[in-house]
Amino acid sequence: MNLDKARQLFFEESSELLARMEADLLALEREPDNSESVASLFRAAHTIKGSAGIFGFQAITDFFHSIEHLLSHWREGLSRPAAGSVQRLLEARDLAVQMINNAMAGLESDAGLDNRRHQLSAALLSDTNNAGGAQAAAVSPSTASASDQSEGTSLFQFGWRIGFRPEGSVFKLGLDPLAPLRELAANSQLNDVRLDFSRLPPLSALDAEECCLAFSAELSGPITRQDIENAFEFFDGVGELNIEALAAPEEQSAPSSAQTPAPVAAGPAGATVTADAPATRFLRVETAKLDQLVNLVGELVIASANISQIASLRGDAQLSEASESILRMIGDLREQSLRVRMVQLGETFARFHRVVRDLGAETGKSVRLAISGGETELDKTVVEKIVDPLMHLVRNAIDHGVEDPVERAASGKPPEATIVLQAYQETGSIVLEVRDDGRGFQLERILQTARRRGLVDAGAELNEAQILALVFQPGFSTAQQVSAISGRGVGLDVVQKNIESLRGGIQIENFPGQGSVTRIRLPLTLAIIEGFMVQVGGERYILPMDLVLECVDAPVDQSGAGAILNLRGEALPCVSLGRLFGAQSVGRSVVVVQYAERKAGLIVDQLAGEYQTVIKPLGRLFDGLRGISGATILGDGAVALILDIPSLVDLAARLDARPAAIVSA
Amino acid sequence: MEVHTIEGRRIAELSGELTVDRAAELRSALLGAWPLDELGLSAVSRIDLAGLQILAAARAQAKNEGRRLRLSGHSEATLRLFDLCGVAAHFGDPLRIPAAKRKEYGFRYGVRRPEAAR
């Protein structure tokens, strides 16, 4: 591992820690007595400080020293977190984000930033001293940080190995030697605890009140040498404690480990860095490697489909059976490798606490954020791409949707508005909702604006859905005053485009006077889908299996592009794929699909069954193609097009308006 | 402490607290009833390191005499301590954990067996 990589690791780790600090600070703002938040904040600040020092980011180290100083006061109960100080720490955190970004970009220090930093440092210091009463002034940052680093809280500390041999007398002193272990287990992962029975005599020779046991254990997690020593503080003088830092094996020969100061012996502690492989629970993997893996699995799916096709062509039962079992395993492999890329949405959602808080303060509205479904998992690449759209929707909801407290009180609502971010799974898609209890979309005003912008003809009569669709038009914005938050002309059309590029869709549900719900639907995965193959006019097409409800055999008149099918008494709008794609079609079967709670039938010639499908994007040439979302390569090397169900369902609904024929299934 | 003999095996049922305060008392009770083949732990409400030490010493005693002392019916308190200290393999007796509670423990059977590791 070279130094660049180690630095990269530092940047990544720091941004995670900074994100955690933000969450903790917001939690602290709500409950100032939450000692857990304080402890977590302190650990994060301490770690960043130590690591920044290793890489020579002196400014960051100094800055975090003043942050940590205040936090340590809180942690030790010398003072309580005051609202002003929490706000100041939030500002400090934001500044730290900038500093670290600058450091990452390799920028030289900038004077404005430095100024802000010094001001904040001074403010934090005075917060610390004022609140702490007689507390002496802070130690000079640089000396303090140097000594703190040797405590070994560096990022590259993967864990500790501790050995503890209590003296025989501890039982008589009323001490429980396992108590520290329990305490440590609460804050870190306890691995490989071993009791040492070697000094234990048989029962007849045992003094029951004399402790003859010793133990060793491995700890991993965000704890420092100091934490461990603190846990054992009651055993000072009546036990022998040994603490060794465990280094990650990779770091052993790396230059960064040479810079990681080995923990210096303090008190009874020894100081050896062992080569023991630590038990880590997470592994950092480059995304490129994962993508490669998923690509390979994709190729494997295609190749194995080829084998099973050959087997069925030859009518070779044995080969068929063998290829079936390969297919099944590849299916598992596919699922596993895709799951590796899945991340929970909770972390992404949590970022919005700050956004909502700040926007509420900016607009003078009181807004609360509620999150649900944070455990829903989504492909990492998708998560990265939905942050901006979600941000936009939340801003919109607060800026346009939520009324100010006076107006809310007048309409009998609680003064505090609620924004709900929700995620859940629905047939084949993940749904993300941004819900607010504001005034809802004002259709009249939307229509007026659209007329003014020339988006609709002055005389045109539009229904609610059509009016709501207008807000997705490029350049549309109704904000009566353009604020810094939204209404900058970059509107929902960009959001819609981004979502569509992820093969998803966006939808608004409006409750005038009560609020609105904006729903984003995204496909579960991007790369490989469980497909359903159909034939139309000699060509094969793939549909996402998740969206298929059922198949029915029905003779359908295909004189027009659309038809209405009487499906057990329900009118089902149908699209003839043969007509749509200009192919010779006999139209024997109807595949019933559902998307966004709407059903439609696709008229096809033949059903060919399930098919694992690797989605290959179509070139830009096909961007404007309606009804097709991608392509795949079949086992025999032929190309099959993947049908874009959302747009087909949409099309069916529109053709519905002028049915060509009504038939019964 | 109750001692009964089943099929020639002498079994002592321990109950209540196996803690430092009762360690000396427990030791003499065990020695008084010695030799024993099995200690029943189902009624043990609390146990600490001193109690664990007695169990281990009794096992060592039996081993010296060429016998094996079994532990059985581990109560929840006993299981928790065994789990924390990783001594399940040292004693080597089968443990019964209700399926519903299995997630509360970190037991990995066979993993912490001292002779297997290193």
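The sequence lines fix the lettering, A, B, ..., with proteins before strands; numbering per chain opens at 1.
- Dense packing is recorded around CZ of Arg9(B), with more than 12 heavy atoms of other residues, nucleotides or ligands lying under 6.0 Å away.
- Aromatic ring pairs are classed by plane angle as parallel below 30°, tilted from 30° to 60° and perpendicular above 60°; the pair Phe197(A) and Phe91(B) is perpendicular.
- Both the backbone and the side chain of Leu206(A) have a heavy atom closer than 4.5 Å to some heavy atom of chain B.
- Under a 3.5 Å cut-off, the side chain of Arg27(B) and the backbone N or O of Leu203(A) do form a donor-acceptor pair.
- Residue contact with chain A, scored on non-hydrogen atoms closer than 4.5 Å, involves the side chain of Leu81(B) exclusively.
- Environment of CD in Glu36(A): sparse, with no more than 12 heavy atoms of neighbouring residues, nucleotides or ligands closer than 6.0 Å.
- The neighbour count for Arg199(A) CZ, taken as heavy atoms of other residues, nucleotides or ligands under 6.0 Å away, does not exceed 12.
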In residues 209-217 of chain A, what donor-acceptor pairs under 3.5 Å come from side-chain atoms, sequence neighbours left out?
unit_1    : atom_1 : unit_2    : atom_2 : d
Ser216(A) : OG     : Arg161(A) : NH2    : 3.2

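- In terms of heavy-atom pairs under 4.5 angstrom with chain B, the leader among Asp176(A), Leu200(A), Val170(A), Asp207(A) is Leu200(A).
- Residue-environment remark: CD (Glu347(A)) stays at or below the threshold of 12 foreign heavy atoms within 6.0 Å.
- Scanning residues 48-64 of chain B against chain A with a 4.5 Å heavy-atom cutoff picks out Leu49(B), Ala50(B), Leu52(B), Gln53(B), Ile54(B), Ala56(B), Ala57(B), Ala58(B), Ala60(B), Gln61(B), Asn64(B), ordered by number.
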